[in-house]
Amino acid sequence: MIDPRQVAILVEENGAVIDKTAKIETFQENPTTVQIVYTGRSQPYNYRRQRVTILDRPTPVRLDANLCVEVHGSVWTNATTVLQFGPWTRVFYRKGTTETYRTYPASDVHFVHSVAQHTGPAQILAYLRAALPPQDPLYDVYAKLKFVHADSALARYLEVRPIETSDNAVTPIFPFASNLSQNRAVEQALRQSISVIEGPPGTGKTQTILNLIANIICSDLGTVGVVSFNNAAVDNVRDKLVDEGFGYAVANLGNQDKQQKFFAAQPTRNAEVRRLVEAAAIPMPSPKQVADLGRTLRRWQEADRRLAQARQEIDAYLLEHQHFEHHLERHELPDLDRLPLLRRSPERILDYLAETAMDADETGRMRQLVRKVRSYLRYGPTGQLDADTTEVVLALQRTYYERRISALRHRIEQAEKELRRADFAGKSAEHRELSIRTLRGTLQQRYAAMSPTTYTQDSYRRSGFAAFGRDYPVILSTCHSLARSLPDGYLLDYLIIDESSQVSLLAAAPALACARTVVIVGDLRQLQPVVKEVTPNAAAAPAPAYDYLEHSIQSSFIDLYGEALTSTMLREHYRCDPAIIGFCNKTFYGGQLVPFTTSTPGSHPLRVVRTVEGNHMRQHRDRGRSNQREVDVIVQQVIPQYCSDVEPEDIGITTPYRRQVDKLADSSLIEGIANDTVHKFQGRQKEAIIMTTVLDETWRGRLGTDFVDDPHLVNVAVSRAGKRFLLVTNHSLMPTSRNIGDLIGYIQYHNPNEPLVEGSILSVFDLLYRDYSARLQPLARRLRTDLRYKSENIMLTVLRDILAEDPYTRLEVVPHVLLNSTLPDLTRLTAEQATYVRNRAELDFVIYNRITLRLVLAIEVDGFKFHEDNPAQLAKDALKNAICATYEIPLLRLPTTGSEEHRRIRERLDALLEPPAGPR
């Protein structure tokens with residue numbers, strides 16, 4: 001017998017080279033022929049010499065735990081020995097209890113290293129394996145995860161290798177439409193070996209994934225897998241590709257049922273591919289044509305975003321103006337209609353207010369004369385206008401609102417005209433059509449060059465998966481199933497992990513082992529995966545970023561790579577009423593979202609409905625909670641009164657508690673209405689969402705506040721609502737909560753004619769103060785080089801540094817706020833106090849909650865000469881102290897001769913922000 005470890009004999013038959021060593025007993029080489037005796041055959045075969053290749057003296061390659069062989073993209077974990085015969089490579093492998101081999105051209109065989117035995121990766125993998133009980137579906141997946149391809153995303157993740165940037169010369173296409181953020185996200189994902197796409201609610205996350213897939217196909221960048229923690233997210237991607245006519249490029253290789261359906265549907269799918277190939281050739285636009293139109297379109301997308309921001313801005317001004325007008329109902333304002341200043345720009349009015357505020361303390365005839373001349377030159381004749389009285393300031397502020405709103409309306413009208421003239425909608429449609437033709441034409445050419453193949457569930461991995469990936473460039477699966485759907489060690493070119501903020505490290509690691517490049521798509525501000533510790537005494541995580549109890553795969557990557565990781569936030573929002581997403585935007589997204597939706601005139605998108613006084617929550621033996629009174633309010637009041645114009649299938653009721661879901665399900669009056677926990681509602685949306693908080697003011701109820709008030713949970717609950725969000729809660733409005741409390745305050749602010757609770761402190765005029773501060777500081781630098789005193793400049797810097805810290809990020813500070821603006825009226829004041837307030841009395845700094853617009857703390861900076869060493873000013877300080885005490889305005893005085901201002905400010909803020917203690 002010929003020893004296959006010593007010699008390789010290959011024979012050309014029908015144009016193909018076939019390895020016949022295993023069947024040969026003997027051979028004899030002649031000058032023109034080779035005579036071969038096959039096993040079991042008595043007669044020798046004679047072949048022409050040029051048809052036979054005989055190779056001996058092979059070069060052996062020893063395989064160990066760190067080295068495997070890869071053939072046609074598949075890693076052979078069962079390979080034992082590799083022999084290299086010149087241009088040919090023979091791979092020996094175990095098949096059952098026996099050893100056999102195959103011979104390939106050397107160019108088809110590669111040696112790959114595994115990082116699974118390296119110290120760091122081995123520790124991390126062992127830690128993750130230890131978290132899985134034998135009954136867990138991932139247990140067997142990890143048992144097989146003994147080889148981690150050195151080129152895989154998992155190897156990069158375990159070893160924290162630097163992120164690589166490629167120079168792919170790609171002309172991006174967007175067949176599924178796009179916007180500025182989505183454009184950038186796709187382009188970054190095509191260039192980076194690891195990238196993150198942050199997808200807040202309603203920002204077109206799935207659309208971005210579809211466009212990324214389209215670019216990978218058209219740029220011939222290989223295969224792309226799309227996975228998530230469950231089937232719903234990947235099914236959404238599949239459904240949209242099918243709806244757009246590209247379903248034939250998708251292999252749905254999830255669980256066994258999905259695979260069976262996929263392979264059973266191949267005849268229908270192959271017929272669709274034949275129709276595509278046999279159709280007339282699709283005219284492909286040139287890359288230059290697509291790129292030129294894309295650049296033009298991007299300029300108008302920027303204009304469209306500015307238009308959306310202007311609409312958002314005018315909505316905010318109109319609402320604040322409404323609150324301001326309520327405030328003015330308690331004041332008699334002077335008639336300033338003939339004043340030339342009122343016909344100036346809103347910015348010039350603010351300049352006047354800022355300049356007169358700084359000039360208020362100037363004394364001496366010469367200074368007063370200079371002030372009057374300067375004022376006349378800048379603002380025109382102001383007559384007997386007394387800018388030192390509150391009523392005049394309020395009248396000018398009212399005019400500022402009117403002029404500002406008018407200017408915004410003009411800007412919006414001009415922008416709308418420009419977009420119409422530019423045919424923005426037409427250009428968008430044209431660019432999408434060119435992109436669709438590019439994608440469809442690329443696929444037509446691809447399939448025309450391929451032979452139709454029908455794969456089976458049993459053979460598709462073995463019969464050349466590279467060809468299967470060419471036929472089906474998009475692979476869909478769950479994280480759990482992806483490794484089982486691919487040949488051992490096979491690497492997809494791209495992996496997209498959707499809803500990654502809900503994907504645990506345990507589920508993600510095997511999926512990362514199946515691809516070279518990874519795109520993380522998710523939103524850390526929504527609910528995170530719920531992972532339970534299996535072994536109470538389990539070993540600690542090898543590093544904090546790999547702690548499966550603390551991290552999703554998205555937060556883990558961000559923790560590992562920090563600023564080196566490219567992260568693109570999708571900013572354009574298309575789902576919720578602007579007022580609804582406005583809460584999430586201000587509270588959780590730092591105001592970065594730009595709503596492209598509009599409110600229905602006269603609508604009430606946000607409401608709070610509270611139950612009657614009393615403790616209505618019940619805690620069950622399994623520690624679950626329910627509240628029948630809130631169920632009754634929803635059924636008997638909220639749905640009939642506030643949702644009568646909404647179809648039942650467009651209404652959703654959500655709650656943090658499964659027991660409350662069960663109680664709602666028992667009510668026959670909510671038939672057809674979706675009802676589930678907030679966790680189960682993530683990824684869904686309804687026109688109207690009703691949230692029931694369940695808790696009451698008993699000590700047991702307050703113990704549940706941390707769970708119900710979780711910021712991720714509140715964000716998900718609110719952002720499920722398209723047109724209407726209704727909060728049903730206890731009579732006390734959950735005073736110990738932070739996020740629910742801010743939500744209630746936000747809703748109150750957006751319903752100025754329906755206040756739930758009358759307070760003694762008015763809402764802060766956020767936009768006015770910010771605009772005023774923006775004008776005050778540059779004007780101060782020009783006139784005097786500081787605000788009013790250098791100490792105030794220093795304090796403003798200190799306050800902004802403190803408010804940038806985590807506990808205080810929802811707070812904002814503004815300088816020089818009219819004391820009158822913070823009071824509902826002056827009826828509680830003495831005549832002396834009222835006169836003082838009317839004479840433009842100010843608070844040096846006001847810190848307020850930028851979500852609820854409620855004042856949190858007033859701060860006065862007291863200079864020694866101006867305050868402590870000045871009896872007249874001390875008297876004014878006493879008046880201000882008394883006024884603040886009367887209206888329960890928290891006031892902190894900081895003398896410039898004092899110390900530890902940082903500590904004092906933090907302590908006061910902590911005390912004010914600490915929820916009141918609940919009853920025990």
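Hydrogens, waters and symmetry mates are skipped; everything else that's a heavy atom, side chains included, is used.
From Phe174, atom CZ reaches atom OG1 of Thr208 across 9.0 Å, with rounding to the nearest 0.5 Å. How far CD of Gln444 is from CZ of Arg437: 12.0 Å, rounded to the nearest 0.5 Å. Note: Ser485 OG to Tyr460 OH = 4.5 Å, rounded to the nearest 0.5 Å. Residue Asp257 holds its CG atom at 10.0 Å from CG of Asn231, rounded to the nearest 0.5 Å. To the nearest 0.5 angstrom, Ser228 atom OG is 10.5 Å from Asp235 atom CG.
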The test is salt bridge (charged side-chain N to carboxylate O under 4.0 Å, His left out); show your working for Arg432 and Glu244 and say whether it passes. CA-CA 12 Å; Arg432 186 182 179 202; Glu244 293 291 335; 3.2 Å; yes
Apply salt bridge (charged side-chain N to carboxylate O under 4.0 Å, His left out) to Asp523 and Lys205, showing your working. CA-CA 10 Å; Asp523 180 9; Lys205 179 168 54 68; over 6 Å; no
Test salt bridge (charged side-chain N to carboxylate O under 4.0 Å, His left out) on Arg516 and Glu164; report intermediate values, then the result. CA-CA 11 Å; Arg516 290 184 170 82; Glu164 296 176 359; over 6 Å; no
Would Lys144 and Asp488 count as a salt bridge (charged side-chain N to carboxylate O under 4.0 Å, His left out) here? Give the steps. CA-CA 9 Å; Lys144 296 178 181 178; Asp488 290 341; over 6 Å; no
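For an aromatic pair to be called close, the ring centres must be under 6.0 Å apart, and Trp300 with Phe424 fails this. The six-membered or imidazole ring of Phe262 lies near that of Tyr472, with a centre-to-centre distance under 6.0 Å. Ring centroid separation for the pair Phe557 and Tyr157 comes in under the 6.0 Å cut-off.
Of all non-hydrogen atoms in Asp650 and Lys686, the two that sit nearest each other are O-CB, 3.5 Å. In terms of heavy atoms, Pro529 sits closest to Gln502 at CB-O, 3.3 Å.
Relative orientation of the Phe246 and Phe176 rings is perpendicular, given thresholds of 30° and 60° on the angle between their planes. Relative ring orientation between Trp76 and Tyr104 is described as perpendicular, the plane-to-plane angle rising above 60° on a 0-90° scale split at 30° and 60°.
None of Glu198, Arg305, Gln592 except one satisfies the side-chain hydrogen bond (donor to acceptor under 3.5 Å, both in side chains) rule with Ser181; the exception is Arg305.
Annotation: Arg420, atom CZ; neighbour count of heavy atoms from other residues, nucleotides and ligands within 6.0 Å is above 12.
Put simply, the side chain of His573 gets close to the backbone of Arg575: a donor and an acceptor are under 3.5 Å apart.
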